[in-house]
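Structure, as structure tokens:
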There are 2 protein chains.
Amino acid sequence: MLGHMGLSIGQVAERTGLSVHALRFYEKEGILAHQVHRGPGGRRVYTEQDLAWLRMCIMLRMSGMPVPEIRRYTDLVRQGDGNEPQRLDILKEHQERVRQQMAQLQECMDLITHKVSMYEDYVNSIDARAVAQ
Amino acid sequence: MLGHMGLSIGQVAERTGLSVHALRFYEKEGILAHQVHRGPGGRRVYTEQDLAWLRMCIMLRMSGMPVPEIRRYTDLVRQGDGNEPQRLDILKEHQERVRQQMAQLQECMDLITHKVSMYEDYVNSIDARAVAQ
DNA sequence: CTACGAAGTAGAGCCGACTCTAGGTCAAGA
DNA sequence: TCTTGACCTAGAGTCGGCTCTACTTCGTAG
């Protein structure tokens with residue numbers, strides 16, 4: 001309905017997979033890089049840039065970055081040029097956490113895979129015996 | 001203090017990294033394969049088997065299996081032989097979820113790594129300019 | 001004795017990240 | 001005209017997984 005000039009909160013929800021509740025929550029929490037413009041009736045109008053930023057936030061959340069830390073990062077970006085080293089620090093720290101999380105997950109995966117194959121062997125051997133009878 | 005015959009809750013907490021609170025919580029939630037034996041004064045005495053089971057539960061939790069699902073699995077094990085296919089189902093479903101989670105995490109990692117290298121390049125170029133002056 | 005530390009139970013509290021409710025505005029369609 | 005549906009705000013509620021509190025009971029060390 002808003003055409004190429006902007007997206008309604010519902011459209012953004014649809015495109016991002018977030019709920020409209022979550023979108024308002026994120027805004028209140030200050031993790032949107034720039035203030036969302038308002039259209040007639042005080043309705044939110046999102047730009048493609050807002051959408052792009054949101055998609056990055058979603059990635060950060062998915063990988064376990066807490067909302068307050070996303071806000072710290074967002075604040076730096078909002079403040080403009082000059083604090084790139086601090087932004088880099090936040091990203092590198094998070095990168096390291098994600099790396100560890102993946103390693104941990106891989107360890108779990110190995111155990112699970114091992115158990116799965118044990119059970120598969122067992123279940124197959126039962127089936128084979130049943131067929132033989 | 002309990003020697004080779006068993007471990008106190010404190011010792012298990014130390015060995016597993018769980019808190020004593022969490023250990024009691026897990027027991028209450030019924031995710032221990034076998035009832036924990038009690039020593040003098042009603043104190044819990046854990047065997048090495050309990051410890052091994054706990055370590056597996058920790059892996060399942062770490063990889064995001066909810067406590068109720070661990071209980072379902074535990075219940076099957078407690079029931080004894082004959083339900084191996086159901087146990088296998090639970091494990092395979094979880095395995096698939098972990099697989100997806102890892103793929104997601106890898107996607108996030110790629111984005112973060114990309115941003116990190118962009119910021120590193122930028123910060124280095126600033127440094128280089130400063131040195132040149 | 002007294003005090004300490006580690007254990008026990010039952011149940012309340014906390015935290016993060018949403019999610020939902022209540023009550024209202026507004027525009028378009030039947 | 002009336003209803004529907006998407007949106008608005010402020011604030012309450014939910015859920016999972018612990019974590020903590022309050023109070024008790026032991027066994028040992030000073």
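These numbers come from a predicted model, not from an experiment. Throughout, protein chains are lettered first and strands after them, A, B, ... in sequence-line order, and every chain is numbered starting at 1.
For A:L32 against A:V36, the heavy-atom pair with the smallest separation is CD2-CG2, 3.4 Å.
A close approach under 4.0 Å does occur between a side-chain nitrogen or oxygen of A:R24 and OP1 or OP2 of D:dC8.
Scored by the salt bridge (charged side-chain N to carboxylate O under 4.0 Å, His left out) test, B:D75 finds B:R78 as partners (sequence neighbours excluded).
Of the inter-residue distances, the one linking A:D89 atom CG with A:K92 atom NZ reads 7.5 Å to the nearest 0.5 angstrom.
One axis for each end of the helix from C:dC1-D:dG30 to C:dA30-D:dT1, each built from five base pairs, and the angle between them comes to 20° at 10° resolution.
No salt bridge links A:E27 with A:R24; every basic N to acidic carboxylate O contact stays at or beyond 4.0 Å.
Residues from residues 99-107 of chain B with heavy atoms under 4.0 angstrom of DNA chain D: there are none.
Proximity of a side-chain donor or acceptor of B:E69 to a complementary backbone N or O of B:P66 within less than 3.5 Å is not detected. Between the side chain of A:E84 and the backbone N or O of A:G82 there is at least one donor-acceptor pair closer than 3.5 Å. Judged by distance alone, with hydrogens and angles left aside, the side-chain atoms of B:R71 form a donor-acceptor pair with the main-chain N or O of B:E29 at under 3.5 Å. In terms of modelled atom types and a separation under 3.5 Å, the side chain of B:E96 and the main chain of B:E93 share no donor-acceptor contact.
Straight-line distance from the CZ atom of A:R43 to the C1' atom of D:dT9: 13 Å, rounded to whole Å.
B:L91 has its side chain within reach of B:Y73: a pair of non-hydrogen atoms, C-beta onward, lies under 4.5 Å apart. Side-chain contact between A:R87 and B:K115 is absent, with no heavy atoms from C-beta onward closer than 4.5 Å.
Contact annotation for B:G41: no contact, since no heavy-atom pair falls under 4.0 Å across all strands.
In 5' to 3' order, the nucleotides of DNA chain C bounding all contacts with chain B (an atom under 4.0 Å from a heavy atom) are C:dA6 to C:dT9.
Criterion: ILVMFWY side-chain heavy atoms under 4.5 Å apart, direct or through other members. Under it, A:I112 and A:V123 are part of a common hydrophobic cluster. In the hydrophobic cluster analysis, where Ile, Leu, Val, Met, Phe, Trp and Tyr join through side-chain heavy atoms closer than 4.5 angstrom, B:V116 is grouped together with A:V77.
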Using residues 50-64 of chain B as the side-chain source, report each donor-acceptor pair under 3.5 Å to any protein atom, sequence neighbours left out, with the distance given to one decimal.
residue : atom : partner : partner atom : Å
B:D50   : OD2  : B:T47   : N            : 2.9
B:D50   : OD2  : B:T47   : OG1          : 3.2
B:W53   : NE1  : B:I31   : O            : 2.8
B:R55   : NH1  : B:R15   : O            : 3.3
B:R61   : NH1  : B:M65   : O            : 2.8
B:S63   : OG   : B:M59   : O            : 2.8
B:S63   : OG   : B:L60   : O            : 2.9
B:S63   : OG   : B:H94   : NE2          : 2.8

In 5'-to-3' order, the base (B), backbone-only (S) or no-contact (-) status of each nucleotide in nucleotides 13-20 of chain D, using a 4.0 angstrom heavy-atom cut-off, is ----SBBB

